[in-house]
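Read through the structure below, which is laid out as structure tokens, and then see the notes.
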There are 2 protein chains.
Amino acid sequence: MPRAGLDPAAVTLAAAALADEVGLHNVTMGALAERLGVRAPSLYKHIDSQADLNRRIALLVAEELGDELRTALQGRAGRDALAAAARTMRDYIIKHPGRYAATVRLGVTGPDDPLALAGARVLESLAAVLSGYNIDPADTVHALRLLRSLFHGFATIEAQGGFEMDTNVDESFNWLIDFVDRGLSLKSQ
Amino acid sequence: MPRAGLDPAAVTLAAAALADEVGLHNVTMGALAERLGVRAPSLYKHIDSQADLNRRIALLVAEELGDELRTALQGRAGRDALAAAARTMRDYIIKHPGRYAATVRLGVTGPDDPLALAGARVLESLAAVLSGYNIDPADTVHALRLLRSLFHGFATIEAQGGFEMDTNVDESFNWLIDFVDRGLSLKSQ
DNA sequence: ATTCCTGGCTAACGGCATTAGCTTTTAGCT
DNA sequence: AGCTAAAAGCTAATGCCGTTAGCCAGGAAT
């Protein structure tokens, strides 16, 4: 029998894809192994544990999100950049709810943790959005937390089907971008 | 031997307390039973399954949060009400991270679902905050979603220890309330 | 060709949620 | 007070899951 030719990256990618399909909590070692044409214990040749796998998925998400943000923000500034960043994050979370869920509830070990570094690069992109707004440097960290909380909150509630009412969610999203843009523009005067 | 005298409410309350102490994912049937002085299978005389238990915890949270919001919003309007609502939600989630986690990832079955009803009462409180702002009725649902996304996002990120930087989180929180207050005031003109 | 690491396998363990079926307590009725 | 029956506890057992131990083959390097 030929070998499966797996490595940690392939396992992580398959797990992320499976999570998007069936939900992160249904990504069992058995199901993942079956999808990879392998038995469950074999996975431990590539990953340490399920917690390690979650961590790797979270790292993948941070890298993917960072890449998409950097791409989307090229040549944009101000309201345009804000809208692009918001849309990019929202689309990503809606498209990849399973892998995004892996980013919740994990502790960062140290400042040189690759996960912390990848997360920092995402934050840098959000900071770049803010740089188009002329904000008091003392307030930048607050504005950053605003964007992060809002994007994360909105997308997770939407991904879990939390917006019950029939009013169009897209419309709310655009209204929200407007609201933040206006507020940040005010602050800069 | 005397009986333990349990009922669904007592089991739910104990589970919620345990979740706050050890995290929701560590609320195992065995651990919960031990805390109640009972064996694990006995719990099934009061609840249907672990999923049912999660649902009951979520319902408890919606009721508790709704009560606290209504209390906190008595006699307040405008910016004062906004700040009170934000603080109430944040304090609750920080104080009860385990039970709050139970509100994530659950499907509402129908419009007469008690969970949906309790959730609607929470939303009513947030709507009451907005009523002090003179907002265009067509925009109310958007503003509601803004508050919900922001409060939920901020509190969950904070509860999971996500704000790494050393800048004071309280300060960011107050800045954020200011930001929303200003924005909503603008809209009302 | 031999050696040896790598990546697969089977078998097994402990923990978990859950079900089946038994026993005992206790509330309600006469 | 005593009887009955439902409610609430128990033990035993099942099946899934994560994980570990230990074995075996395949392919690369000498």
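Proteins come first, then strands; the chains are lettered A, B, ... in the order of their sequence lines, and each starts at number 1. In this text the structure is predicted, and so the values were computed from the model without any measurement.
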Original post:
Any side-chain donor paired with an acceptor under 3.5 Å for B:Tyr100 and B:Asp20?
Top reply: no

Subject >> Residue B:Leu6, side-chain heavy atoms: nucleotide from D:dG9, C:dT19, D:dT19 that is nearest >> reply: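 For the B:Leu6 side chain, the nearest candidate turns out to be D:dG9.
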
Original post:
Can you name the nearest heavy-atom pair linking B:Thr156 to B:His152, along with the distance?
Top reply: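 Distance-wise, the nearest heavy atoms are OG1-O, 2.7 Å.
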
**OP:** To the nearest Å, give me how far apart CG (B:Leu32) and P (C:dC16) are.
**Re:**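 Spelled out: CG on B:Leu32 to P on C:dC16 is 13 Å.
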
Subject >> Whole-Å gap separating P (C:dA17) and NE2 (A:His25) >> reply: 15 Å

**OP:** Under 4.0 Å from any atom of DNA chain C, heavy atoms only: list the residues of residues 12-21 of chain A that qualify, in numerical order.
**Re:** none

Subject >> Shared-cluster residues of A:Leu115, by chain and number - hydrophobic side chains joined below 4.5 Å >> reply: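 Under the 4.5 Å side-chain rule, A:Leu115 groups with A:Leu59, A:Leu106.
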
**OP:** Assess whether salt bridge (Lys or Arg N to Asp or Glu O under 4.0 Å) is satisfied between B:Asp67 and B:Arg70, documenting all intermediate values.
**Re:** CA-CA 5 Å; B:Asp67 282 351; B:Arg70 277 186 295 278; 2.8 Å; yes

Original post:
So, B:Arg145 and B:Asp139, do they make that salt bridge, N to O below 4.0 Å?
Top reply: no

Original post:
How does protein reach along nucleotides 11-16 of chain D, written 5' to 3' as B (base within reach of a heavy atom under 4.0 Å), S (only sugar-phosphate), or - (no contact)?
Top reply: BB----

Original post:
Would you say a side-chain N or O of B:His46 is under 4.0 Å from OP1 or OP2 of D:dA7?
Top reply: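 Indeed not, no polar side-chain atom of B:His46 lies that close.
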
**OP:** Starting at CZ of A:Phe179, measure out to CZ of B:Arg182 and round the result to the nearest 0.5 Å.
**Re:** 10.5 Å

